[in-house]
J.: 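Please find one structure pasted underneath; my questions will follow.
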Amino acid sequence: RSYRKLALKNHPLKCKEPWAPEKFRQLAEAYDVLSDPMKKGIYDKFGEEGLKGGIPLEFGGENPWTVGYVFHNNPDKVFKEFFGGDNPFAEFFAEDGSELILPFGGLRGRGAMKQDPPIVRDLCLSLEDLFYGCTKKIKISRRVMNEDGQTSTIRDKILTIDVQPGWKQGTRITFEKEGDQGPNVIPADITFVVQEKLHPRFKRANDDLTYVATIPLGKALIGCTVDVRTLDGRLLNIPINDIVDPKYCKVVPGEGMPLPRDPRRKGDLLIYFNICFPKKLTPDKKMLLKSALLS
């Protein structure tokens, strides 16, 4: 609070006294030291001389003294980091230089740390996973702050995702603030995005499933039965009584994917056809086809 008040009062854009820039720099240096527990501890125990000149290390070595503290001489950087924003000074003063009265809730600065951007990862699931629902456990490694508030450790954590029946490609599952921890940042959110694995029999189309049956030309003309093994292992025997042309689609209601809002209901199964034509016909067969189809 002292830095906030004094920095606003002595900022060179407001205070026009010749000593203002140096006073502003000294305030920034003092805050840079006192806001860092390690630097503050050295200053409290050894004073400015120990802080800037170095102190003896507990264990000797080639260099038994710590490196002395040197201020980076950028007081504007300290000011911006404290108050936040690219033009933080404009938030506190009107165009005429008079100080603004801030609303209750205060500043968007030191207390409103920036959050790291979200970490996005794919969650690859089979159609069976999305049909039944399942539980996926994912191990992540992240940086966690230690009790001293300055050092950190890499630790593993298990994130559990309860996949619901009917989830679709693109479904997003977010774990808030599970990214790396740091002294001056809000950990990133970790978001998993559902990606559907290719399936050997089916393709998904929203809540429907599509299946391609291969049949010979004769069956396309006179009818047949198509056997389809479902995702839950049942064998469907679908009668085809229509003439099957290349654009024909047989709709089997209720044999698709579960609806996310009501998994008891399901989309449809859409059967398309790959019609195999004969490579050769004998003269007799040609005559029979001519008699049957062109008479």
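These values consider heavy atoms only, across backbone and side chains, with no hydrogens, waters or symmetry-generated copies.
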J.: Which heavy-atom pair separates K266 from G256 by the least distance, and what is that distance?
T.: CD-O, 3.7 Å
J.: Which distance, rounded to the nearest 0.5 Å, do you find between the OH of Y272 and the OG1 of T214?
T.: 15.0 Å
J.: For L281 and P278, which heavy atoms make the closest approach, and how far apart are they?
T.: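 Heavy atoms of L281 and P278 come nearest at CD2-CG, 4.2 Å.
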J.: Search all heavy atoms of D207 against all heavy atoms of P260 and return the closest pair with its distance.
T.: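 Nearest heavy atoms, D207 then P260: OD1-CD, 3.9 Å.
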J.: Do the side chain of N206 and the main chain of D208 share a donor and acceptor less than 3.5 angstrom apart?
T.: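 No; judged by distance alone, with no hydrogens or angles, the pair does not exist.
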J.: F175 and T160: which non-hydrogen atoms are nearest, and at how many Å?
T.: CZ-O, 3.4 Å
J.: Would you say Y248 ends up clustered with L270 if hydrophobic residues are merged whenever their side chains have heavy atoms under 4.5 Å apart, either directly or through other cluster members?
T.: no
J.: How many angstroms lie between CG in L221 and CD1 in I243, if you round to the nearest 0.5 Å?
T.: 6.5 Å
J.: Working to the nearest 0.5 angstrom, can you tell me the gap between L13 CG and D76 CG?
T.: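 Going from CG on L13 over to CG on D76, the span is 8.0 Å.
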J.: Hey, what do you get for OG1 (T191) to CG (L123), rounding to the nearest 0.5 Å?
T.: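 Taking OG1 in T191 and CG in L123, the distance rounds to 12.0 Å.
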J.: Side-chain contact test, heavy atoms from C-beta onward, threshold under 4.5 Å: evaluate it for T153 versus V144 and give yes or no.
T.: no
J.: Run the side-chain contact (heavy atoms from CB on, under 4.5 Å) check on R229 and R234 step by step: do they pass?
T.: CA-CA 6 Å; R229 182 72 65 180; R234 291 173 295 118; 6.0 Å; no
J.: When you look at NZ of K168, are more than 12 heavy atoms from neighbouring residues, nucleotides or ligands closer to it than 6.0 Å?
T.: yes
J.: Give a yes or no on whether a salt bridge exists between K197 and D129, defined as a side-chain N under 4.0 angstrom from a carboxylate O.
T.: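 Salt bridge absent between K197 and D129.
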J.: Applying a strict under-4.5 Å side-chain criterion to I, L, V, M, F, W and Y, I'd like to know whether V226 and L217 cluster together.
T.: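 Yes, V226 connects to L217 through the hydrophobic network.
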J.: Is it the case that the side chain of D189 and the backbone of K177 share a donor-acceptor pair, with hydrogens and angles ignored and the cut-off at 3.5 Å?
T.: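 The answer is yes, because a donor-acceptor pair under 3.5 Å joins these two groups.
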J.: Does a sphere of radius 6.0 Å around CG in L198 hold more than 12 heavy atoms from other residues, nucleotides or ligands, not counting ones at 6.0 Å or beyond?
T.: no
J.: Tell me, with the steps shown, if R204 and L130 meet side-chain contact (heavy atoms from CB on, under 4.5 Å).
T.: CA-CA 11 Å; R204 187 175 183 177; L130 297 168; 3.8 Å; yes
J.: Donor-acceptor pair, E196 side chain versus V194 backbone, under 3.5 Å?
T.: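 Such a contact is absent between E196 side chain and V194 backbone.
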J.: May I ask you to decide whether D245 forms a salt bridge with K247, counting only side-chain N to carboxylate O separations under 4.0 Å?
T.: no
J.: Can you establish whether the number of heavy atoms outside K16 located under 6.0 Å from its atom NZ is more than 12?
T.: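 Above 12, so yes.
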J.: Compare every heavy atom of R201 with every heavy atom of Y211, then report the nearest pair and how far apart it is.
T.: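 Closest pair (atom of Y211, atom of R201, distance): CD1-O, 3.6 Å.
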J.: How long is the straight-line distance from CG of N10 back to NZ of K5, given to the nearest 0.5 Å?
T.: 11.0 Å
J.: Going hydrophobic residue to hydrophobic residue with side-chain gaps under 4.5 angstrom, can you get from V252 over to V228?
T.: yes
J.: Specify the closest pair of heavy atoms between P258 and F131, including all atoms of both residues, with the distance to one decimal.
T.: CG-O, 3.3 Å
J.: Pair Q164, T171 - check side-chain contact (heavy atoms from CB on, under 4.5 Å), show working.
T.: CA-CA 11 Å; Q164 299 301 308; T171 298; over 6 Å; no
J.: Dump the intermediate steps for side-chain contact (heavy atoms from CB on, under 4.5 Å) on L269 and L236, then the final yes or no.
T.: CA-CA 11 Å; L269 172 63; L236 301 180; 4.2 Å; yes
J.: Do T230 and D232 pair up side chain to side chain, a donor and an acceptor below 3.5 Å, judged on atom types alone?
T.: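 The answer is yes; a qualifying pair exists.
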J.: Look at atom CD of E22 and say whether more than 12 heavy atoms of other residues, nucleotides or ligands are closer to it than 6.0 Å.
T.: yes
J.: With clusters defined by side-chain heavy atoms of hydrophobic residues (ILVMFWY) lying less than 4.5 Å apart, directly or transitively, does I186 cluster with I119?
T.: no
J.: Nearest 0.5 Å, please: how far is CD1 in I140 from CD1 in I190?
T.: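 I190 CD1 to I140 CD1: 3.5 Å, rounded to 0.5 Å.
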J.: Taking Q115 for the side chain and P187 for the main chain, is one N or O donor matched with an acceptor at less than 3.5 Å?
T.: yes
J.: Hydrophobic clusters here meaning ILVMFWY residues chained together by side-chain heavy-atom distances under 4.5 Å, can you tell me if I240 and V212 are in one?
T.: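 Hydrophobic grouping puts I240 apart from V212.
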